[in-house]
Amino acid sequence: MNQVVVNPPKVNLLDFDRQGLRDFFTQIGEKPYRAEQVMKWIYHDLEDNFENMTDVGKALRAKLTEVCYIGAPKTLLDKAATDGTHKWLLGMDSGNAIETVYIPEPTRGTLCVSSQIGCALNCSFCSTGAQGFNRNLSTAEIIGQVWVAAKYLGNITHQNRRITNVVMMGMGEPLANFDNVVRAMRLMRDDLGFGLAAKRVTLSTAGMVPMLDQLSDAIDVSLAVSLHAANDELRTVLVPINKRYPIAELLAACQRWVARKPRTSITFEYTLMKGVNDQPEHARQLIKLMRKLPTCKVNLIPFNPFPGTRYERSDANDIRDFQTQLLNAGVLTMLRRTRGDDIDAACGQLAGQITDRTRRSADLRKRQDEGALHAS
Ligand code: SAH
């Protein structure tokens, strides 16, 4: 691009929540209410060109064009699955791209948003983990995923909403990128942003206990916790951060959450892997644990395989029996239908293009090569 280099560099307005935007306008000598006018253009009209903001004066439009911009991630590829699921590959910088997924259902449309390029947690059954880690996404890169999808889908905030729910269940551990994720979720919730109610914005965590308490102070959103095993020995194998924050500590944090937010509930995610965590004894352990959190739900996810994984999806009858056992014990248990698996858009299949800074992607490639050798 043939652009004049400006100094200092232009500011991306997608990096600010409402307060941040007001402060920025004050800093450049403008009235803070102007920030709110512009915010509405950005998130309700999905406008990224100041020149089209007709109720903003000409002089201010010119000033804004000079000092800032509205920069959403670039769509490198978008793909539709046969079931209506849609996946975007979004370029974040020259070496990295992440994935965002839209899942339409009869009564709602859910956008699954990523928080990091890759993930540092290395859960043994997740393909993002196996891809290694590069960096945190900025606020603009997180809220920009919603902006790009909303624009593509023709979402109209407060009216014809195609995106009714956002889940921070894409690539990355959202609580490991706390400030940027909270700021982006504020924009999802804000009336001048995407205007979504607290129960429609969900953060999913592998269990970073100290950040959970901070989250409950910072913002009202719904919480999902990736449990996957109800005993420490097995959970540490599946979700290694369990070593640092074992189940008892995690549950205590969940109890504090529920006590502080009596009107919200927590969903525990439990991915079912054949012969690993899907047996009647595992269900019994889970039931015992759920007695400590009687208002919470369990969401069973059949394992989604990816190249190089050592796990398999549980048999359909084992999945059914597991669910029945929980339901019979009075635990509210849902089974997540697998969506978008023909475009690798299902849980744990998001991969993107990551310039890995860890050794993990090399290890995965080695396992894939070995698998190919065994198969041939
Ligand atoms: N790091 C966060 C956000 C990821 S959310 C977290 O751990 O919660 C994605 C959800 O899909 C998590 O519950 C994750 O454990 C689950 N998941 C990961 N890999 C999967 C796979 N291969 N099949 C099914 N679910 C998987």
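Order of appearance sets the numbers: ligands from 1, and atoms from 1 within every ligand.
Gly207 does not count as a contact of ligand 1, since none of its heavy atoms falls under 4.0 Å from the ligand. Using 4.0 Å as the threshold, Pro305 has no heavy atom nearer than that to any atom of ligand 1.
Under a cut-off of 6.0 angstrom, the local environment of NZ in Lys261 is crowded, with over 12 non-hydrogen atoms contributed by other residues, nucleotides or ligands.
Near Asn304, meaning under 4.0 Å from any of its heavy atoms, are these atoms of ligand 1: 21 (C), 22 (N), 23 (N), 24 (C). Taking every non-hydrogen atom of Cys126 and a distance limit under 4.0 Å, the qualifying atoms of ligand 1 come out as 18 (C), 19 (N). Below 4.0 Å from some heavy atom of Thr205 lie the following atoms of ligand 1, by number and element: 6 (C), 7 (O), 8 (O). Within ligand 1, counting atoms from 1 as listed, the ones closer than 4.0 Å to a heavy atom of Gly170 are 4 (C). Short contacts between ligand 1 and Ala206, defined as distances under 4.0 Å to a heavy atom of the residue, involve ligand atoms 6 (C), 7 (O), 8 (O).
At least one N/O-N/O distance between Phe125 and ligand 1 falls below 3.5 Å. For a threshold of 3.5 Å applied to N or O pairs, the pair formed by Ser127 and ligand 1 contains no separation below that value. Polar contact check, Gly172 against ligand 1: a nitrogen or oxygen pair lies under 3.5 Å apart.
To the nearest 0.5 Å, the span separating CG on Asp179 from CD on Gln214 amounts to 8.5 Å. One distance of note links CG of Leu46 with OG1 of Thr157; it measures 6.5 Å at 0.5 Å rounding.
By heavy-atom distance, the residue among Met273, Glu269, His228 lying nearest atom 14 (C) of ligand 1 is His228. Closest to atom 6 (C) of ligand 1 by heavy atom, among Ala120, Ser226, Cys119, Cys123, is Ser226. When Met168, Met169, Arg313 are checked for heavy-atom proximity to atom 9 (C) of ligand 1, Met169 turns out nearest.
Using a 4.5 Å heavy-atom threshold, the side chains of Pro210 and Tyr245 count as touching. Between Asn122 and Phe133 the shortest side-chain heavy-atom distance does not fall below 4.5 Å.
For the pairing with Glu173, the side chain to side chain donor-acceptor pair (under 3.5 Å) check across Thr128, Thr205, Asn136 returns one residue only, Thr205. A side-chain contact (heavy atoms from CB on, under 4.5 Å) with Tyr69 is found for exactly one of Val11, Asn12, Leu13, Asp48, namely Asn12.
In summary, Arg183 and Asp15 do not engage in a salt bridge, as defined by a charged side-chain N under 4.0 Å from a carboxylate O.
Contact annotation: for Tyr311 versus ligand 1, there are no heavy atoms closer than 4.0 Å. Contact annotation: for Thr271 versus ligand 1, heavy atoms closer than 4.0 Å belong to the side chain alone.
Glu47 is linked by a salt bridge (charged side-chain N to carboxylate O under 4.0 Å, His left out) to nothing, counting only residues two or more places apart in sequence or in another chain.
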Distance-only check: which donor-acceptor pairs under 3.5 Å involve side-chain atoms of residues 268-281, not counting sequence neighbours?
unit_1 : atom_1 : unit_2 : atom_2 : d
Glu269 : OE1    : Ser204 : OG     : 2.8
Glu269 : OE1    : Ser226 : OG     : 3.3
Tyr270 : OH     : Asn277 : O      : 2.7
Thr271 : OG1    : His228 : ND1    : 3.4
Lys274 : NZ     : Asp315 : OD1    : 3.4
Asn277 : OD1    : Met273 : N      : 2.9
Asn277 : ND2    : His228 : O      : 2.8
Asn277 : ND2    : Thr271 : O      : 2.7
Asp278 : OD1    : Gly275 : N      : 3.0
Asp278 : OD2    : Gly275 : N      : 3.3
Asp278 : OD2    : Ser314 : OG     : 2.9

